[in-house]
Amino acid sequence: MRYVSTRSDAPSRPFSDILLAGLAPDGGLYLPEEYPQVDAETLARWRSVLRDEGYAALAFEVVSMFVDDIPAEDLRGITARAYEPSKFLDPAIVPVSQLSDGMWLAHLSNGPSAAFKDMAMQLLGELFPYELARRGETITILGATSGDTGSSAEYALRGKPGVKVFMLSPAGRMSPFQQAQMFSIDDPAIVNLAVEGVFDDCQDLVKEINADAAFKLKHRIGAVNSINWARLMAQVVYYFAAWLQVSDGGPVSFCVPSGNFGNIAAGHIAREMGLPIDRLILATNENNVLEEFFRTGVYRVRGSAETLATSSPSMDISKASNFERFIFDLLGRDADRVRQLFSQELPANGCFDLSGTPEFAAQAERFGFVAGASSHADRLAEIRRVHEADGYTVDPHTADGVHVARGLAGASPVIVLETALPVKFAETIVEALGSQPDRPARFDGIEDLPRHVTQIPADADAVRAAIEAAG
Ligand SMILES: *Cc1c(COP(=O)(O)O)cnc(C)c1O
């Protein structure tokens, strides 16, 4: 399997090359040259694999279809270590449960940091050191986080040979639980930098350092951000796992709480592979850039002033970094058109309009996307409703999904992807239910552990100095 860029016909590249690369040299994102296909026979076999050998074995099956330059026995070890049941709160890794109204939840947040990002990061945490060792290289991961990505990356990469992590977060702006999760990690190769500024400042610093070619080369700066292809590939697996547990062969719909379009892009890929998915229901919060596109055909990027701080903060985005991948497929993989739409950094309020195109008109039929938005009041009402009906507490992001799914479900069963555990967003749970969410025992007392974090000004030289100091 080889990989192509969404923006040019540059020669395709093998998996192991694009694993450690971020963007393609032309600024595009990587996608497989073509999507591998599964038929009913394969799905029947995978049903037994999941039942008899577990999630890691299914992950091996799915990932093997995308990776042909790692020997099979090595890849089996990689997937087995990534999805080792003891790292997850439930040995099924991604169990499903049914609410009393018939809707399903696929539980993606049983990993070390209690958010679905662990599903992908755990695989990166094995693939990166493997590939680095093969090449005799090391890497310095530099990232910016507003909450979930940072702790997920740190839990996955701690103690991995050849990998150092520098994670920027906006000082004092993450939830107390998220801060405790990250800052309690005690590992010299994991460095938390609390930046005096907001999340956008953190991202700008990462961009500035990456633009410094000499520094970047000297310290082998890399990233694990949501455009990394291997993250999407890892996420494809749970669409199969959830479908296998809910369906006996017929189509199901998935509802996905969305921000950067990473999670639902994996659903799109699973559907293109032939998994019987009816609708891909995209849920946004008040920041409805993506909902607006699927409703109108107009993609209008927002500026940070127009990006609201909501009670489902991990979906507060103004520009969806993975969206270009879907547009590439929507436009029949026409890299020239994609380049025209995306190549000039879209300014705030920059937009493109596909509303008059035959591709947009055929979208729902061909690709299955429908979309809805949720508000703070909707979110609180759903948390209460599910709690009263089923005694189960959903987190605010999952509540957005449940709300939107309720409005847009068709005839097929709907699986809502649960993207975080409520303990991460206790304040909103208390507002909805008047009581604290359950806290899994593994997180007991993390707020009391010593904190490993250095506060720095929003200045690239301070970041450079921290990286230099670590050698
Ligand atoms: C990251 C995140 C999302 C959004 O996922 P995308 O892949 O960016 O669309 C939703 N919910 C939670 C809890 C998250 O951490």
Side-chain angles (χ1 to χ4, degrees), residues 1-19 21-39 62-63 65-69 225-236 239 254 256 258 260-277 279-280 282 289-290 293-294 297-299 301 319-346 350-371:
M1 176 63 67
R2 296 181 66 90
Y3 291 82
V4 294
S5 163
T6 51
R7 288 194 196 175
S8 76
D9 309 326
S12 61
R13 301 175 69 186
F15 173 80
S16 52
D17 278 3
I18 64 140
L19 169 65
L23 292 174
D26 56 31
L29 307 181
Y30 287 110
L31 274 177
E33 217 158 27
E34 59 202 17
Y35 295 120
Q37 296 297 304
V38 297
D39 54 16
V62 175
V63 168
M65 300 192 95
F66 293 99
V67 178
D68 55 13
D69 50 356
N225 49 19
S226 80
I227 53 137
N228 181 287
W229 159 255
R231 282 180 64 178
L232 287 192
M233 176 181 77
Q235 290 169 186
V236 170
Y239 283 88
F254 283 91
V256 187
S258 293
N260 271 318
F261 205 80
N263 200 351
I264 202 164
H268 161 68
I269 292 162
R271 194 176 187 273
E272 290 296 293
M273 292 171 74
L275 182 67
I277 296 178
R279 295 183 180 176
L280 285 166
L282 181 144
V289 184
L290 291 167
F293 173 79
F294 285 105
V298 177
Y299 181 60
V301 169
K319 185 170 161 186
S321 54
N322 274 289
F323 194 48
E324 183 170 334
R325 288 189 159 108
F326 171 68
I327 295 297
F328 183 62
D329 284 345
L330 177 72
L331 298 180
R333 301 203 140 201
D334 183 338
D336 289 335
R337 274 174 84 190
V338 172
R339 192 177 57 247
Q340 279 158 25
L341 296 178
F342 285 92
S343 62
Q344 67 281 48
E345 264 292 283
L346 282 178
C351 70
F352 60 73
D353 182 356
L354 299 180
S355 61
T357 63
E359 289 90 353
F360 183 74
Q363 183 288 119
E365 180 78 20
R366 168 70 182 82
F367 294 101
F369 278 88
V370 293

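Remember, it's a predicted structure, so these values are computed and weren't measured experimentally.
A donor-acceptor contact shorter than 3.5 Å is absent between the side chain of Asn260 and the backbone of Asn322. Side-chain atoms of Asp26 come within 3.5 Å of backbone N or O of Gly28 as a donor-acceptor pair. Looking at Arg279, its side chain never comes within 3.5 Å of a backbone N or O of Ala364 through a donor-acceptor pair.
The shortest side-chain heavy-atom distance between Glu359 and Leu354 does not fall under the 4.5 Å cut-off. Contact annotation: the side chain of Trp229 never approaches that of Leu19 to less than 4.5 Å [non-hydrogen atoms, C-beta and beyond]. Residues Ile264 and Leu290 form no side-chain contact, since every pair of their non-hydrogen atoms from C-beta on lies 4.5 Å or further apart. At a threshold of 4.5 Å between non-hydrogen side-chain atoms, the residues Phe367 and Glu272 count as touching. Looking only at side-chain heavy atoms (C-beta outward), Cys351 and Tyr299 stay at 4.5 Å or farther from each other. Looking only at side-chain heavy atoms (C-beta outward), Phe15 and Tyr30 stay at 4.5 Å or farther from each other. Looking at Val67 and Met233, their side chains come closer than 4.5 Å, going by heavy atoms from C-beta outward. Using a 4.5 Å heavy-atom cutoff, the side chains of Met65 and Val38 are in contact.
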Worked verdict on Val301 versus Phe323 for side-chain contact (heavy atoms from CB on, under 4.5 Å): CA-CA 11 Å; Val301 169; Phe323 194 48; over 6 Å; no
Criterion side-chain contact (heavy atoms from CB on, under 4.5 Å) on Arg271 and Phe369, from CA distance to verdict: CA-CA 11 Å; Arg271 194 176 187 273; Phe369 278 88; over 6 Å; no
Working for side-chain contact (heavy atoms from CB on, under 4.5 Å), residues Met273 and Val236: CA-CA 10 Å; Met273 292 171 74; Val236 170; 3.8 Å; yes
Verdict with reasoning, Phe66 to Leu232, per side-chain contact (heavy atoms from CB on, under 4.5 Å): CA-CA 11 Å; Phe66 293 99; Leu232 287 192; over 6 Å; no
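The two atoms that bring Arg13 and Asp17 nearest to each other are NH2-CB, 3.7 Å, heavy atoms only. In terms of heavy atoms, Ser12 sits closest to Val4 at CB-CG1, 3.9 Å. Among all heavy-atom pairs drawn from Pro36 and Met1, the shortest one is CD-CE, 3.8 Å. What you find for Tyr239 and Ala270 is that their closest heavy atoms are CB-CB, 3.9 Å. Among all heavy-atom pairs drawn from Ser258 and Val256, the shortest one is OG-O, 2.9 Å. When all heavy atoms of Asn228 and Ala21 are compared, the closest pair comes out as ND2-O, 4.5 Å.
Taking CG of Leu330 as the start and CZ of Arg366 as the end, the distance is 9.5 Å to the nearest 0.5 Å. How far CG of Leu29 is from OG1 of Thr6: 4.5 Å, rounded to the nearest 0.5 Å. One finds the CG atom of Asp69 at 9.0 Å from the CZ atom of Arg2 (value rounded to the nearest 0.5 Å). Separating the CZ atom in Arg337 from the CZ atom in Arg339 is a distance of 13.0 Å, to the nearest 0.5 Å. Between Asp353 atom CG and Phe293 atom CZ the span is 9.0 Å, to the nearest 0.5 Å. Rounded to the nearest 0.5 Å, atoms CZ (Phe261) and CG (Leu282) are 6.0 Å apart.
Atom CD of Glu33 sits in a crowded spot, with more than 12 heavy atoms from other residues, nucleotides or ligands closer than 6.0 Å. A 6.0 Å sphere centred on CD of Gln37 holds more than 12 heavy atoms belonging to other residues, nucleotides or ligands. Counting non-hydrogen atoms of neighbouring residues, nucleotides and ligands closer than 6.0 angstrom, the CG atom of Asp39 exceeds 12 such neighbours.
Here Arg231 pairs with nothing under the salt bridge (charged side-chain N to carboxylate O under 4.0 Å, His left out) rule; sequence neighbours left out. Listed by chain and residue number, Asp329 satisfy the salt bridge (charged side-chain N to carboxylate O under 4.0 Å, His left out) test with Arg333 (two or more places apart in sequence, or in another chain). Residues satisfying the salt bridge (charged side-chain N to carboxylate O under 4.0 Å, His left out) criterion with Asp68, sequence neighbours excluded, are absent altogether.
Ring orientation note: the planes of His268 and Tyr35 are nearly perpendicular, at an angle over 60° on the 30°/60° scale.
Just one of Phe294, Phe360, Phe342 meets the ring pair (Phe, Tyr, Trp, His ring centres under 6.0 Å) condition when paired with Phe326; it is Phe294.
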